[in-house]
Amino acid sequence: MADKDTQQEEKVQNQPKVAGPRGQGAAEKPKNFKDSLLRIFKEVLNFKWAILLVFFTTILSVLFNIIGPRELGKATSILFEGVLAEIQGTGSIEFNVIGRILLTVLALYVVSSIFNWVQGFVMTGVTENVTYGLRKKMLDKIDNMPMKYFESHSHGEVLSRISNDIDTLGASLSQSFAQLLNSIMTMLGIAVIMFTINWILALVVLMVVPISLITIRILINVSQKYFRQQQVSLGVINGQIEENFSGQNIVRAFNQEDNAIDAFYKDNAKLEESAWKSQFYSGVMFPFMRFLQNFGYAAVVMVGAYLVIIGTIQVGVIQAFTQYVNRFTQPITQLAQIVTLLQTMVAAAERVFEFLDEEEQDQTTGNTLDIENVHGDVSFNHVQFGYNPDQVIITDFNADIKAGQKVALVGPTGAGKSTMVKLLMRFYDVDKGSINLDGVDVKTYSRANYQRSISMVLQDTWLFNGTIMENIRYGRLDATDEEVIEAAKAVHVHNFVKNLPGGYNFEINEEASNISQGQKQLVTIARALLSDRPVLILDEATSSVDTRTEILIQQAMDRIVEGRTSFVIAHRLSTIKNSDLILYMENGDIVEQGNHDELIARGGKYANLYNSQFASGGSPFEEFDD
Ligand SMILES: Nc1ncnc2c1ncn2[C@@H]1O[C@H](COP(=O)(O)OP(=O)(O)OP(=O)(O)O)[C@@H](O)[C@H]1O
């Protein structure tokens, strides 16, 4: 059940976020809001001069902006008094003064916009630099992460942290920081300016603040609850659609259509209800804020009119205050949105920081292995290992392999063949005992340097979107075209590449689906041959290819094992028979070892298996093959 919940949470995390009106989406609850926010600020403060500039341009932009209504109010008063004077015949409207004021206001707004633009420009630069830095740190981190991390986290999750979370962080950072500064400055500025004009009207406007804050808080709390429910329901529905769509043939084969539809209807109804409620409650906020604003207008006009009548203020002050009511309530609503934005930002940042804080694999920088001069003797001495401390997988593995020997690892599924290969690759380090290369414990070498002495051909052929030439050259980046072609010729790649449109420049697509399975395997073998490393690991493919291709792959494999120590996780008889050493594994230990003839002569487990295969006519390890 707990597992199901975690999976659900993971699914939800990878969902596109549900957005309500004006960004009132479902903000995730960060685990440690304060610390994570501080850490984001630390990243931002790496650009302290730019932040200082953002700070000052915001202050100036707000300042120039909020003086406007006061000046316009003055113009209104002069106009009003001018009209009165004209009616009473005591004077006229001073259009030149009004004109000057209007020009000043125009200049104020233009200057304010320029500062605003500079603020936006600098803030975007800071945000992009912060996200660029974080993305870089994450990629550097990947190189130093233990294999355990990738085996216990889905690719989607890691990718989501590098792309979605960093994007969310960037987008919310630029918005929230600038808006927060703007809103606070605007509210402070307007409050100060209102008090300098008339304190009674200033108090009338400020009256709106506590009512707004309390109501917004209540509405946000309620709507957030439903937004979260909506997010969860959306995750469930998406999961269902995905499952039913991809497993449509199984759903039909087991007549589960009605159940699938029922489950979908139920969850869809839940989604509809939570979506409706979340939209309703967040939608109510805006009419309410408008109501408060209008209420503020009415109060200002009533109190203002009284003050005008008793001669305390001029009529233009009322006009200025009606504008200030409007501008004062806007940042309050914005602040509410910023809180949501900050939560989203901090939650995304937490996942990024969590990744960056993961324990790194010890890189051991002691000795550098002279790869050119590696001889290739490999020995395993009392190797003990478990993925988890409480579960030992390999108990006591011992083997002595001479340079250039071809070793086959065979045994039932779960015997520990892949585990031994991972230990040899130093994806993991042994818990006890040692693995030695040319008599030296591999743990004493720098991990990355040591790994350069081994090449791998895995059954999951990994080709990237690029030309055949580029894919082979991946084995040794400084190889010339001629060297690539030579490697290709040695392992039967050249024959089929010749017939492809563009030859070696034929572009392999993203899924590597435009060449056949067998061809893919041959390309990865050519890559390993080109890399020319002293030790080779071959995880033999089990997928069925036609007999001719199988022979070609076999010949290609025989070609690359020549002259290097090789470990083959064997699934096919032919590769095992000509091995120098066969290690038959069971439950993490070697139970029999020798060459094919010796093991057959011994009449033990290997011989049994071999003979039973010939009795059935299938692959000798078909019962092991996964
Ligand atoms: N990443 C892992 N975390 C925890 N346990 C693991 C991990 N990988 C493998 N194991 C466990 O280690 C044991 C040995 O697995 P391993 O993959 O080495 O077997 P194998 O002989 O290669 O099997 P197969 O032929 O099916 O690939 C199994 O019990 C397996 O469940």
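Model, not experiment: these values are computed from the prediction. Whatever order the structure lists them in is the order used to number ligands and atoms, beginning at 1.
Ligand-side atoms of ligand 1 in range of Ser418: 17 (O), 18 (O), 20 (P), 22 (O), 27 (O), range being under 4.0 angstrom from any heavy atom.
Below 3.5 Å of separation, one finds an N or O of Thr419 facing an N or O of ligand 1. Looking at ligand 1, you won't find any N or O of Ile393 less than 3.5 Å from one of its N or O atoms.
Centroid-to-centroid, the aromatic rings of Tyr474 and Phe464 come within less than 6.0 Å. Aromatic rings of Tyr504 and His494 (six-membered ring for Trp) have centroids within the 6.0 Å cut-off, being under it.
With Tyr606 as the fixed residue, the side-chain hydrogen bond (donor to acceptor under 3.5 Å, both in side chains) test singles out one of Glu598, Gln593, Glu592, His596: His596.
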Give the intermediate values and the outcome of ring-ring contact (aromatic ring centres under 6.0 Å, His included) for residues Phe397 and Phe385. CA-CA 9 Å; Phe397 189 99; Phe385 173 76; over 10 Å; no
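Comparing heavy-atom distances from atom 2 (C) of ligand 1 across Phe385, Phe150, Tyr387 singles out Tyr387 as nearest. Nearest to atom 29 (O) of ligand 1 by heavy atom, out of Gly411, Gly414, Gly588, is Gly414.
Annotation: Tyr387, atom OH; neighbour count of heavy atoms from other residues, nucleotides and ligands within 6.0 Å is above 12.
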